[in-house]
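Below: the structure, in structure tokens.
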Number of protein chains: 2
Amino acid sequence: MNERQLQILRELGELGSVTATAEALLMTPSAVSQQLRLLQRAIPVPLTERDGRRLVLTEAGQALAAAAIEVETALSRARQTIDDFAGLPDARVSMAAFHSAAAAFFPLLLTAGGAGRPRLSFADEDVAQDRFPRLTREYDLVLAHRLEQAPPWPTTVTAVTLMREPLDVALPAGHPLAAKRRLTPRDVAGEPWITVHDGFPVMAVIDALSAAANRRLELVHRINEFTVAADVVAAGGGLALMPRWTTRPHPALVLRPLSGVHARRHVDVLHRPERAARRAVRTVLSELRRAALAIQGRGPAVEGG
Amino acid sequence: MNERQLQILRELGELGSVTATAEALLMTPSAVSQQLRLLQRAIPVPLTERDGRRLVLTEAGQALAAAAIEVETALSRARQTIDDFAGLPDARVSMAAFHSAAAAFFPLLLTAGGAGRPRLSFADEDVAQDRFPRLTREYDLVLAHRLEQAPPWPTTVTAVTLMREPLDVALPAGHPLAAKRRLTPRDVAGEPWITVHDGFPVMAVIDALSAAANRRLELVHRINEFTVAADVVAAGGGLALMPRWTTRPHPALVLRPLSGVHARRHVDVLHRPERAARRAVRTVLSELRRAALAIQGRGPAVEGG
DNA sequence: ATCGACCCTGAAGCATCCCTACACTGTCGC
DNA sequence: GCGACAGTGTAGGGATGCTTCAGGGTCGAT
């Protein structure tokens, strides 16, 4: 049982297939298979089992994969130890975020001053909810969002909630419903709607809205990008759900809180546990928390939720 | 930087020479040297430096060696994880103790019942104080003793104090001084003494006694083994310091507490940090703590200290 | 100062390990 | 039932890690 084999087992647990593991670790499936066999030879309980043509971890395999995370974390800490002595200031932290969080957080992180700060590499990644965790393989930190009632992130990643952000109804300033301070599902169920694509986090609220009003909603447009959606709402294309804080207010729109349905999303930062062994990563994590507070404080004063 | 190289670095830090490291790891000094060179190649700060003809760790090397302990601990935990699944009840725990602790603790540990308990392998090892830590390489647990005022154990081993045991003056029941409830340095400084060999923990109390009485003590016999010393005391060979709880009371002797000097030893259990990852080792550790309480409770009723 | 003992390091050689390439078997979906 | 896909075995090659042996630096005793 060596570190390499444990790493392979861990990836297999997270990715669920030998081929994907091989791809992630830049090796051939055959090599993965062989290392798994060697690992198994040293261990008296089965670590893997076939599931159709796939290979998955047994319960024991999952337990060992969890232990493998500790091993990698310890090794990362060792590397950080020597970086501390080398005093390398060129630490780079890579970070991905979905669009609205990227727009809200990235500028704040850039202006956060201080000498010797880690240098940041940003990337925007708008993916379906279940794809966020595996982005942590490519980026040190991943800003992800999920609805409050959605299933939690897998335990293979560490997740910290940065904010619990209400989702409001965006409508043109001149719209009749704009006169009300808050909107009920029955208020809005008859309107045409602009929603995200299927599988994206906000979608479940639309379903809940439909259920609360006991009526099928008319989904006219499917637009993931909130700024695009905002422009379409302003042009009279329909109503849309918009995060209260992380999108810049559109001059021609107003936001109204929803009552009667749970319309709130978590903005979380995800990372593989061992990444937090790096001091630079921890620094950025705490800057993120500070930025989240700033974003909530400055938001347009719409209360409720 | 792999696990093996970190292990070698750690041993070098603890043993202080390439040759000793090679011996401990069952390899040749040349192999150790080569692995250290490979490790160094990956790291931008010097990890080792020459000290005469010896090779020792730099500060950075010591820090990395400490991190190496975490790596080994994580690997040990991984092994324990699979043992948990395998449900192996045949866990063996090896344990060494200096003589008096061995006599006091080993029987209690044997009678500690319970099904599926770890099986114990005992060994007695009476070594000079500075040799105790390296016994942890050979045994899972090492019972060691040191005087309260002595330097603490090195940080490379984990130490838990089981008891702080007073050292009393043993004297024949018919001795004139036996009439006193407690003895001062001046009371005993004129008597002939039986002491342990140089370098053994109790010796420092003799020195303190000498200093407190401002007088050179007459050291007649050098006997490490307390039961032997007890018999010699009974035969009128002189006075001796005896631990209050861990030696069986001799029928012809009485113990009298000393005042005026700090005469108390710690009975500690030492182990390499990663050994505690094993459940069986933790079980025995807690049994040791319970045994220590029992030993103190049952001791002959001599109060003071 | 010199010699021998000791300690570390380097070169050569060998066994082992780990990977790729390729062929094969089993499984799923159309 | 066929093609696509997933995993596994074998052969072979390069890298790795060790031992052996030789050499150079350091310490202590004579």
Side-chain angles (χ1 to χ4, degrees), chain A residues 1-43 45-58 60-62 64-65 68 71-72 75 78-79 130 134 137, chain B residues 1-43 45-58 60-62 64-65 68 71-72 75 78 134 137:
Chain A
M1 170 163 63
N2 60 39
E3 192 265 335
R4 180 64 163 165
Q5 291 166 352
L6 289 177
Q7 182 188 25
I8 289 170
L9 190 78
R10 173 190 180 187
E11 293 293 346
L12 178 62
E14 293 185 18
L15 297 173
S17 95
V18 170
T19 305
T21 302
E23 217 165 303
L25 297 178
L26 303 174
M27 56 202 290
T28 60
S30 180
V32 170
S33 179
Q34 290 174 62
Q35 288 303 312
L36 287 173
R37 189 160 54 84
L38 287 176
L39 176 60
Q40 183 66 77
R41 207 173 56 180
I43 289 177
V45 291
L47 298 172
T48 57
E49 59 191 356
R50 291 301 286 258
D51 173 26
R53 54 183 171 181
R54 282 255 164 71
L55 192 74
V56 298
L57 296 192
T58 62
Q62 289 170 23
L64 188 55
V71 174
E72 277 195 72
L75 280 166
R79 283 185 215 103
D130 59 345
R134 68 186 56 181
R137 203 164 279 100
Chain B
M1 170 163 63
N2 60 39
E3 192 265 335
R4 180 66 162 165
Q5 290 165 350
L6 289 177
Q7 183 188 24
I8 289 171
L9 190 78
R10 174 191 180 186
E11 294 292 347
L12 178 62
E14 293 185 18
L15 297 173
S17 95
V18 171
T19 304
T21 302
E23 216 164 305
L25 297 178
L26 303 173
M27 57 202 290
T28 60
S30 181
V32 170
S33 179
Q34 290 172 59
Q35 288 304 313
L36 287 172
R37 189 161 54 84
L38 286 177
L39 175 60
Q40 183 66 77
R41 207 173 57 182
I43 290 179
V45 291
L47 297 173
T48 57
E49 60 192 358
R50 291 301 285 258
D51 173 27
R53 54 185 169 180
R54 282 259 164 70
L55 192 73
V56 298
L57 297 192
T58 61
Q62 289 169 20
L64 189 55
V71 174
E72 277 195 74
L75 279 166
R134 68 185 56 181
R137 204 164 279 100

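Letters go in sequence order (proteins before strands), and every chain restarts at 1. Note: hydrogens, waters and symmetry copies are ignored here, and every other heavy atom, side chains too, is used.
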Got B:Leu6 and A:Leu75 here, is their nearest side-chain heavy-atom distance under 4.5 Å?
yes
Let me know the distance between CD1 of B:Ile8 and P of C:dC8, rounded to the nearest Å.
14 Å
Keeping the roles fixed (side chain from A:Glu11, backbone from A:Ile8), state whether a donor-acceptor pair exists under 3.5 Å.
no
Could you tell me how far apart A:Glu49 (CD) and D:dT8 (P) are, to the nearest whole angstrom?
13 Å
I want to check one thing: is the phosphate of C:dC6, taken as OP1 and OP2, less than 4.0 Å away from some side-chain N or O of B:Thr19?
no
Should A:Leu36 and A:Leu47 count as side-chain neighbours, where that means a heavy-atom distance under 4.5 Å?
no
Reckon B:Arg4 has a side-chain N or O less than 4.0 Å from the OP1 or OP2 of D:dG17?
no
For the side chain of B:Ser30 and the base of D:dT20, is some donor closer than 3.5 Å to an acceptor across the two?
yes
Whole angstroms only, please: what is the CD-C1' distance between B:Gln35 and C:dT9?
14 Å
Could you give the CG-to-C1' distance, from A:Leu55 to C:dT27, as a whole number of Å?
14 Å
Is there a donor in the side chain of B:Ser30 and an acceptor in the side chain of B:Gln34, or the other way round, less than 3.5 Å apart?
yes
Scan B:Asn2 against the nucleic acid and name what it touches under 4.0 Å (heavy atoms): base, sugar-phosphate only, or nothing.
sugar-phosphate
Describe, as an angle rounded to 10 degrees, how the axis at the first end of the helix from C:dA1-D:dT30 to C:dC30-D:dG1 is tilted relative to the axis at the last end, five pairs per end.
30°
Looking only at non-hydrogen atoms, find the nearest pair between A:Val45 and A:Gln40 and report the distance.
O-NE2, 2.8 Å
Out of C:dC7, C:dG10, C:dC19, minimum distance to the side chain of A:Met27 belongs to C:dC19
Quick one: do the A:Arg10 and A:Gln7 side chains pair a donor with an acceptor below 3.5 Å?
no
When you get a sec, tell me which of C:dT9, D:dG7, D:dG17 is the closest nucleotide to the side chain of B:Arg50?
C:dT9
For B:Arg54 and C:dT9, what is the distance between atoms CZ and C1' respectively, to the nearest whole Å?
16 Å
On a plain distance test, is the side chain of A:Gln34 in donor-acceptor contact with the base of C:dT20 below 3.5 Å?
yes
Would you kindly compare A:Asp51 and A:Leu38 by the position of their nearest DNA chain C nucleotide and give the one closer to the 5′ end?
A:Leu38
Any side-chain N or O of A:Arg53 less than 4.0 Å from the OP1 or OP2 oxygen of C:dT25?
no
Protein-nucleotide distance (B:Gln40, atom CD; C:dT9, atom P), rounded to Å
11 Å
Once you apply a heavy-atom cut-off of 4.0 Å, does B:Thr28 come out as touching a base, just sugar-phosphate, or nothing?
base
Please classify the nucleic acid contact of A:Leu12 as base, sugar-phosphate, or nothing, using heavy-atom distances under 4.0 Å.
nothing
Of all the choices, C:dT20, C:dC8, D:dG7, which nucleotide is nearest to the side chain of A:Ala31 once you look at every atom?
C:dT20
Nearest-Å distance, CG (B:Leu6) to C1' (D:dG17)?
16 Å
Going through the distances and angles, do B:Val71 and A:Glu3 end up as a side chain to side chain contact (heavy atoms under 4.5 Å, CB included)?
CA-CA 10 Å; B:Val71 174; A:Glu3 192 265 335; over 6 Å; no
Using a 4.5 Å cut-off on heavy atoms from C-beta on, say whether the side chain of B:Met1 contacts that of B:Leu64.
yes
What's the CZ-P distance between B:Arg37 and D:dG17, to the nearest Å?
12 Å
